[in-house]
K.L.:
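Input: one structure, supplied below.
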Amino acid sequence: MKERLLKIYTQLFEHFGPQDWWPANSPFEVVVGAILTQNTRWENVELAIAELRRRNDLTPKGLEALSHSQLEEAIRPAGFFRQKARRLHGLLDSLETRYGGELTQLLAPPLSRARQDLLALEGVGPETADAILLYAGGFPTFVVDAYTRRLFSRVGLLDADAGYDETQALFMQHLPSETTFFNEYHALIVEQCKRYCLKRKPQCAECPLVNFCSGEDVNQGG
DNA sequence: GCCCAGGTGGGTA
DNA sequence: TACCCACATGGG
């Protein structure tokens, strides 16, 4: 299993090159993006981030200066804007009251404590928590998303109905626990799925994983 | 017009 | 535990 996981990584890296993730300018921006991208295309998240930045600094203080309706309006392009505005405000409140307004305190080691605290926030589930831990906190934890499950079930390394923890364990039990490696691997999975696996008409001849792919479900967007 | 997108939480059985 | 559903905009 370890060899196959490493081989897939190598083929993806050789095809796509380094991805330089997460696409954000600060750890706090990673957190905001992680909440905004829930069940949402990243392109729409970028519209919301740009509007937030246009209105104020993309910092806890900067967002706190916006009224709730201003926050809702700014993030509207990312969808679920009422729900996500509520979640962002909950995060800001929690940062202020429990972590002295410092994201670095929320993301202080140990990993288990930081993850537990993140999961206690409204709107932060396992994927969002792990994305924040990895890309904002620098912890070696593997992020599992819809792309990860689709890709690795398609190549036959994972059951189609595997849950979050089971999927995460596949990677964390077989791969070296290194932040930069987990960072790059997850980013490459996303790129692979966007470019090949989820296309309505996949260009399988150019796909870097064509040697792993069974071809099943290839035209069903997942 | 229809389907989907880098999930989460609440309700029900 | 295992489903079902709401949440909402924008692009193909």
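Residue numbers begin at 1 in each chain, while the letters A, B, ... track the order of the sequences.
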K.L.:
Is the distance between the ring centroids of A/Tyr196 and A/His15 less than 6.0 Å?
P.N.:
yes
K.L.:
Of A/Leu119 and A/Val190, whose closest DNA chain B nucleotide lies nearer the 5' terminus?
P.N.:
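Here A/Val190 is the residue nearer the 5' end.
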K.L.:
Between C1' on B/dG9 and OH on A/Tyr164, what's the gap in Å once rounded to a whole number?
P.N.:
17 Å
K.L.:
Answer yes when A/Glu51 and A/Arg55 have at least one side-chain N-carboxylate O distance shorter than 4.0 Å, and no when they do not.
P.N.:
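Yes, this pair counts.
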K.L.:
Between A/Arg113 and A/Asp117, is there a side-chain N and carboxylate O pair less than 4.0 Å apart?
P.N.:
yes
K.L.:
Contact class for A/Glu43 vs. all strands (heavy atom < 4.0 Å): base, sugar-phosphate, or nothing?
P.N.:
nothing
K.L.:
Is A/Asp93 salt-bridged to A/Arg98, going by a charged N under 4.0 Å from an acidic O?
P.N.:
no
K.L.:
Classify the nucleic acid contact of A/Val124 as base, sugar-phosphate or nothing, counting any heavy atom under 4.0 Å across all strands shown.
P.N.:
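Sugar-phosphate contact only.
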K.L.:
Atom CD1 of A/Ile35 and atom P of B/dT8: how far apart are they, to the nearest Å?
P.N.:
10 Å
K.L.:
CG of A/Leu118 versus P of B/dG7: gap in Å, rounded?
P.N.:
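Going from A/Leu118 (CG) to B/dG7 (P), I get 17 Å.
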K.L.:
Under 6.0 Å between ring centres, would you say that holds for A/Phe13 and A/Tyr185?
P.N.:
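Distance test on ring centres: not under 6.0 Å, no.
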K.L.:
Any luck finding a side-chain donor-acceptor pair between A/Gln11 and A/Asn211 under 3.5 Å?
P.N.:
yes
K.L.:
For A/Asp145 and B/dT8, what is the distance between atoms CG and C1' respectively, to the nearest whole Å?
P.N.:
15 Å
K.L.:
With a 4.5 Å heavy-atom cut-off, do A/Arg154 and A/Phe212 have their side chains touching?
P.N.:
no
K.L.:
Return the value, rounded to whole Å, for the distance between atom CG of A/Leu151 and atom C1' of B/dA5.
P.N.:
17 Å
K.L.:
Sort me out a list of protein N/O and nucleotides 7-10 of chain C N/O pairs below 3.5 Å, or just none if empty.
P.N.:
| unit_1 | atom_1 | unit_2 | atom_2 | d |
| --- | --- | --- | --- | --- |
| C/dC7 | O2 | A/Gln83 | OE1 | 3.2 |
| C/dC7 | O2 | A/Gln83 | NE2 | 3.3 |
| C/dA8 | OP1 | A/Phe80 | O | 3.4 |
| C/dA8 | OP1 | A/Phe81 | N | 3.4 |
| C/dA8 | OP1 | A/Arg82 | N | 2.8 |
| C/dA8 | OP1 | A/Gln83 | N | 2.8 |
| C/dA8 | OP2 | A/Arg82 | NH1 | 2.9 |
| C/dA8 | O4' | A/Phe80 | N | 2.8 |
| C/dT9 | OP1 | A/Arg76 | NH1 | 3.2 |
| C/dG10 | O4' | A/Asn44 | OD1 | 3.4 |
| C/dG10 | O4' | A/Asn44 | ND2 | 3.2 |

K.L.:
Please determine if a side-chain N or O atom of A/Arg150 lies less than 4.0 Å away from the OP1 or OP2 oxygen of B/dA5.
P.N.:
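Checking B/dA5 against A/Arg150, a side-chain N or O does come within under 4.0 Å of OP1 or OP2.
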K.L.:
How far, in whole Å, is B/dG10 from C/dA8 if one measures between their P atoms?
P.N.:
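About 15 Å, rounded to a whole number of Å.
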K.L.:
Grab the CD-C1' distance between A/Gln38 and C/dA6 for me, whole Å please.
P.N.:
14 Å
K.L.:
How about A/Thr59 and A/Glu64: do any of their side-chain heavy atoms sit closer than 4.5 Å?
P.N.:
no
K.L.:
Round to the nearest Å and state the distance from A/Ile75 atom CD1 to B/dG7 atom P.
P.N.:
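Taking atom P of B/dG7 as the reference, CD1 of A/Ile75 is at 16 Å.
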K.L.:
Quick one: the dot-bracket string of DNA chain C, using Watson-Crick and G-U wobble pairs with both distances under 3.5 Å, [ ] for crossing pairs and | for bases paired to another strand.
P.N.:
|||||||.||||
K.L.:
Kindly say whether the aromatic ring centers of A/Phe139 and A/Phe182 come within a distance under 6.0 Å.
P.N.:
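Not close enough - the centres of the two rings lie 6.0 Å or further apart.
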K.L.:
Check the distance between C/dG11's C1' and A/Trp42's CH2 and give it to me in whole angstrom.
P.N.:
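Rounded to the whole Å, the gap is 17 Å.
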